[in-house]
Amino acid sequence: MYHKKMKPFPKDFLWGASTSAYQVEGANLEDGKGPSCQDVKKVPEGTSELNVCADQYHRYKEDIKLMAEMGFKVYRFSISWSRILPEGTGAVNPLGIQYYNNVIDECLKYGIEPLVTMFHFDMPAALDKRGSWGNRESVDWFVNFAKVMFENFGDRVKYWLTINEQNMLTLVGPVIGTLMLPENCENPLKEIYQQNHHMLLAQAKAMVLCHEMLPGAKIGPAPNISLVYPASCKPEDTTAAQNFNAIRNWLYLDMAVFGRYNNLVWSYLEENDACPEILPGDEEIMKSAHPDFIGFNYYNTVTVEASKSTEGSAASLEDQQKASEIAGVYKGFRNPNLLTTEFGWEIDPQGFRNTIREMYSRYHLPMIVTENGLGAYDTLTEDGKVHDPYRIEYLRQHISVMQEAITDGCEMMGYCPWSAIDLVSTHEGIRKRYGFIYVDRDEFDLKTLDRYRKDSFYWYKKVIATNGEDLTD
Ligand code: BGP
C-alpha cells in the first residue's frame, strides 16, 4: 500500500538506543560482581574477551551525557544478574545495586526514560553449574531476581523487558555463548525446549509480579522477530515459511500474549519426541500473564524453501539472522533481492514494515523496537571523525518504513536501535561496530577508550529533534 500522506510519529514517541550489560559494561569481575556464562565461555578465536568492552561501568556518566546530547527519550540497557546477585540467588551485592541506581538516576537527570532488560544472555555462572534453565528451579531463581530489581529500581523504572531474544537463546545458544546442555544429553532438542519452557514460565511469572508490585509500570517480552518469506510461490515453500515463522517467531509471542503453545511448533516437537514436560498449573501460569507491549529486535527478514531432506540437519540457524535447515521442515534460501552487510546479514527495510504489520495483526499490542541496526567496520580519522554514511542510510530507510507502518495503523511506541555506543558483538568482536558513539579501542588493543561522535550521531540527533520528520543528512 502506497500512502499519499504519512501519519507523524506519536508526540511522546520514545527515541533512543540499546546496549546490554555483558557487551558494554566491562568491569566483569569488579566490585563484587560474580561471573556470568559470558565470562567463563571461550570467546571465538580472534575476538576480544568481555572483561573491558566499552568500559561503560566506569564511564556511564560520560555516555549518558552523550545520549542526552543526541536527545534520547529512552535508554535501553540490561541489568547484569550476577552483578546484583553474584551467586544468582542469595546475597545481594550492594555495589551492584548502587551501580544501577547511579545509571538510572543519571538517565532521569536528563529526562531519559530507562528501559530495563532483565536478562540479556548472561546467566550467572553459579546457576549454570546448577543446571541453568534446564533446572526447573530456574523459574524461582529468575522470579527472585525480578523481585530484587522491582524492589530496588521499581520506584523509577517504568518500562521493563523480560528476556532478550529468548528465541535466539533457544535456536542459537552455542553461537551467543549461552547454551548449557547436560553431559551425555540423549535428546538435545527436548532438553533445549525444556529450558525454553522454563524461560516461558519465568517470564510469565515475572510479568505477573511486575503488575502486582508496580501497578504503574509496563512490561513486555523482547524476542528477535524476522518475518519469514517463502522463496517462491510454490505452495510447499509457503508451508516451509509458515513452519519457520512458527518455530522462529510466533511460538514466543503466542506464548507471551495468549499463553498457549503454537500448534505447528508443538506438532514439530511431538514428531521429534521433544515436547517439554508441562506440570499441572503451568498452563494457568502462562495464561495469567499479560504483556503491556511487545518489544522486538529486527535486523532483517529470512527466506526459506521447502526442505527435501528426510533426515539429518537439525540446526535451525547459522547465527541470529541466517537460516540453515531442519530436515523436512524448511531450508534457508539466500534472497536474491536483498543486499547484505559487510558481515553477511541481509538488509531488508521493507521487511521491517512487513514484520511490524504481521505482528500487529496477530497481537494488537503497542510495539517498541528494542534493536535494529547495522554492524560495520568503522574508521576513526586523524581529525577524530567517523564517517558512517552506510549506517545513516540503513537507519534512514528503516525509520522511514516504520512511519509507513504507523500510517498503516500499527501502534509504535518507540525505536531503540542497536547500539547507543560501540560494544562487543555476540560472536564477531568489537570490530563489528553498531554505535552512534565510537569507542577508541581495537579488538585486542584497548587504546584510550575515548568516545567520539560519529556522523550518525549528529544525524540521529536531528531525527530526534524533529520527531522523525527530517531524515536528510
Ligand atoms: C542481537 C542481540 C544483541 C546484539 C545484536 C547484534 O541478537 O540481542 O546482543 O549483539 O544481536 O548481533 P551481533 O552482536 O551478533 O552482531
Side-chain angles (χ1 to χ4, degrees), residues 16-26 36-39 41 43-50 53-54 56 75-81 115-123 161-179 199 220-226 248-249 252 294-302 316-323 340-347 352 355 368-378 390-391 394-395 398 415-436 439 443:
S18 298
T19 61
S20 92
Y22 88 90
Q23 294 171 282
V24 77
E25 285 177 3
S36 80
C37 62
Q38 299 293 348
D39 302 312
K41 78 175 185 190
V43 297
E45 218 182 307
T47 69
S48 160
E49 294 292 332
L50 293 149
C53 299
Q56 187 163 84
Y75 174 34
R76 175 196 178 218
F77 58 91
S78 77
I79 290 188
S80 154
W81 187 341
L115 167 60
V116 169
T117 314
M118 299 161 72
F119 181 77
H120 195 125
F121 300 167
D122 55 355
M123 183 58 112
L161 296 162
T162 52
I163 298 178
N164 179 70
E165 296 194 354
Q166 187 183 325
N167 49 346
M168 295 304 116
L169 287 163
T170 302
L171 297 171
V172 279
V175 178
I176 52 184
T178 56
L179 188 71
M199 278 188 258
N224 172 322
I225 302 295
S226 293
R248 190 195 188 289
N249 300 317
Y252 301 88
I294 293 174
F296 73 103
N297 302 346
Y298 173 87
Y299 288 90
N300 55 21
T301 47
V302 184
S316 29
L317 288 168
E318 276 175 43
D319 72 11
Q320 302 100 301
Q321 305 307 140
K322 291 188 218 149
T340 56
T341 70
E342 289 174 312
F343 289 84
W345 286 8
E346 289 173 351
I347 302 177
F352 188 32
T355 300
I368 181 163
V369 180
T370 40
E371 288 180 29
N372 171 235
L374 181 75
Y377 296 99
D378 291 335
Y390 34 87
R391 182 166 296 107
Y394 178 100
L395 296 170
H398 284 79
Y415 181 65
C416 296
W418 187 263
S419 49
I421 182 166
D422 289 343
L423 38 68
V424 182
S425 141
T426 57
H427 60 291
E428 294 181 286
I430 186 122
R431 61 182 173 270
K432 188 183 190 187
R433 293 175 187 266
Y434 284 89
F436 294 106
V439 177
E443 210 59 59

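One-based numbering, in listed order, for ligands and for the atoms of each.
With rounding to the nearest 0.5 angstrom, the NE2 atom of His427 is 5.5 Å from the CD atom of Gln320. Here Leu50 contributes atom CG and Glu25 contributes atom CD; the two are 11.5 Å apart, rounded to the nearest 0.5 Å.
Not a single ring pair (Phe, Tyr, Trp, His ring centres under 6.0 Å) links Tyr22 to another residue, sequence neighbours left out. The ring pair (Phe, Tyr, Trp, His ring centres under 6.0 Å) search around Tyr415 returns none, not counting sequence neighbours. Not a single ring pair (Phe, Tyr, Trp, His ring centres under 6.0 Å) links Tyr390 to another residue, sequence neighbours left out.
Using a 4.0 Å heavy-atom criterion, the residues that approach ligand 1 are Gln23, His120, Phe121, Asn164, Glu165, Asn297, Tyr299, Gln320, Trp345, Glu371, Trp418, Ser425, Thr426, His427, Lys432, Tyr434.
A tilted orientation is assigned to the rings of His398 and Phe352, their planes being inclined by 30° to 60°.
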